[in-house]
Amino acid sequence: MKRLETDALWTAIDEYMSGHLVTSDAALYAALDASEAAGLPRINIAPNQGKLLWLLARATGARRILEIGTLGGYSTIWLARGLASDGRLITIEANPDYAEVARANIARAGLDRQVELRVGRAQDLLPALANEDPFDLVFIDADKPNTPGYFQWAVRLSRRGSFIVVDNVVREGAVLEQKGDANVQGMRRFFELAASEPRVSGTALQTVGSKGHDGLAILLVTTGP
Ligand code: DHB
Ligand code: MG
């Protein structure tokens, strides 16, 4: 099949599956609408991926979640809804304009008490989190060249049994390009680090759908406090 046909098919199947299994409500639709109206790039996760994050939060009984890369807060809402009743989520966004949109979206979803949005570069903000309790679940979905560093921080900020999820690990196959751009190098370096990091054990899955051909890595932290 030609590329356009496969994309349309993947999107139709995403819609079919989500139509059955993924309930999006007014707050989720409004978050996407407000993000689009504000001119944010349409690089939010898909609804069925959001539901996967919710499932992971529920499955792990997450009480502390860290998200690196808030964008408009769409994934934040999915993750925060999966928190245990007394749980908290910290999300980091470098772009103050994106953060403003996200703040309104999170408030509209009624999650502003559970979610703390920190505005700044993650490299600058992550060290302070080392003084806090470890996170049960970390979702990395920010600037791709810095993903290796974010992964190292995620391991450091985790405990035994924490999960780390990394978005965009395939990038339409570009991950195979040894001389790829900085985004590709970031993902390739992430894979090298994950492979050689004795404290984690994980896997990665290719995804197709409304977000094209990409992938998610899911890693368990197997040692630590
Ligand atoms: C891009 C970033 C993402 O996090 C994503 O899911 C898709 C695309 C991007 O920067 O192009
Ligand atoms: Mg992403």
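Small disclaimer: the values here were computed from a predicted structure and weren't measured. For ligands, and for the atoms within them, numbers begin at 1 and follow the listed sequence. Every heavy atom of this structure was used, including side-chain atoms; hydrogens, water molecules and symmetry mates were not. For reference, positions follow the sequence shown, starting with 1.
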Report the member of Arg42, Lys144, Gln49, Arg171 with the shortest heavy-atom distance to atom 11 (O) of ligand 1. Arg171
Got the closest protein heavy atom to atom 5 (C) of ligand 1, with its distance? Asn168 ND2, 3.0 Å
For the Mg ion (ligand 2), give me the closest N/O/S atom belonging to Asp167, just the atom name. OD2
Ligand 1 versus Asp167, non-hydrogen atoms closer than 4.0 Å: side chain, backbone, both, neither? side chain
For atom 1 (C) of ligand 1, grab the closest protein heavy atom and report residue, atom and distance to one decimal in Å. Ile43 CG2, 3.6 Å
Can you tell me if, anywhere in Asn168, an N/O/S atom lies at a distance from the Mg ion (ligand 2) that is smaller than 2.8 Å? yes
Do other residues, nucleotides or ligands put more than 12 heavy atoms under 6.0 Å from Gln123 CD? yes
Test: Asp214 and Lys211 ion pair at under 4.0 Å: no
Stepwise, does the side-chain hydrogen bond (donor to acceptor under 3.5 Å, both in side chains) test hold for Arg171 with Asn168? CA-CA 6 Å; Arg171 306 298 297 246; Asn168 309 116; 5.0 Å; no
Do Ser210 and Glu15 have a side chain donor and acceptor closer than 3.5 Å? no
Restricting to N/O/S, name the atom of Asp141 that gets closest to the Mg ion (ligand 2). OD1
Indicate whether the side chain of Asp136 and that of Thr60 have a donor and an acceptor atom separated by less than 3.5 Å. no
Relative to the ring of Tyr74, is the ring of Trp78 parallel (under 30°), tilted (30 to 60°) or perpendicular (over 60°)? perpendicular
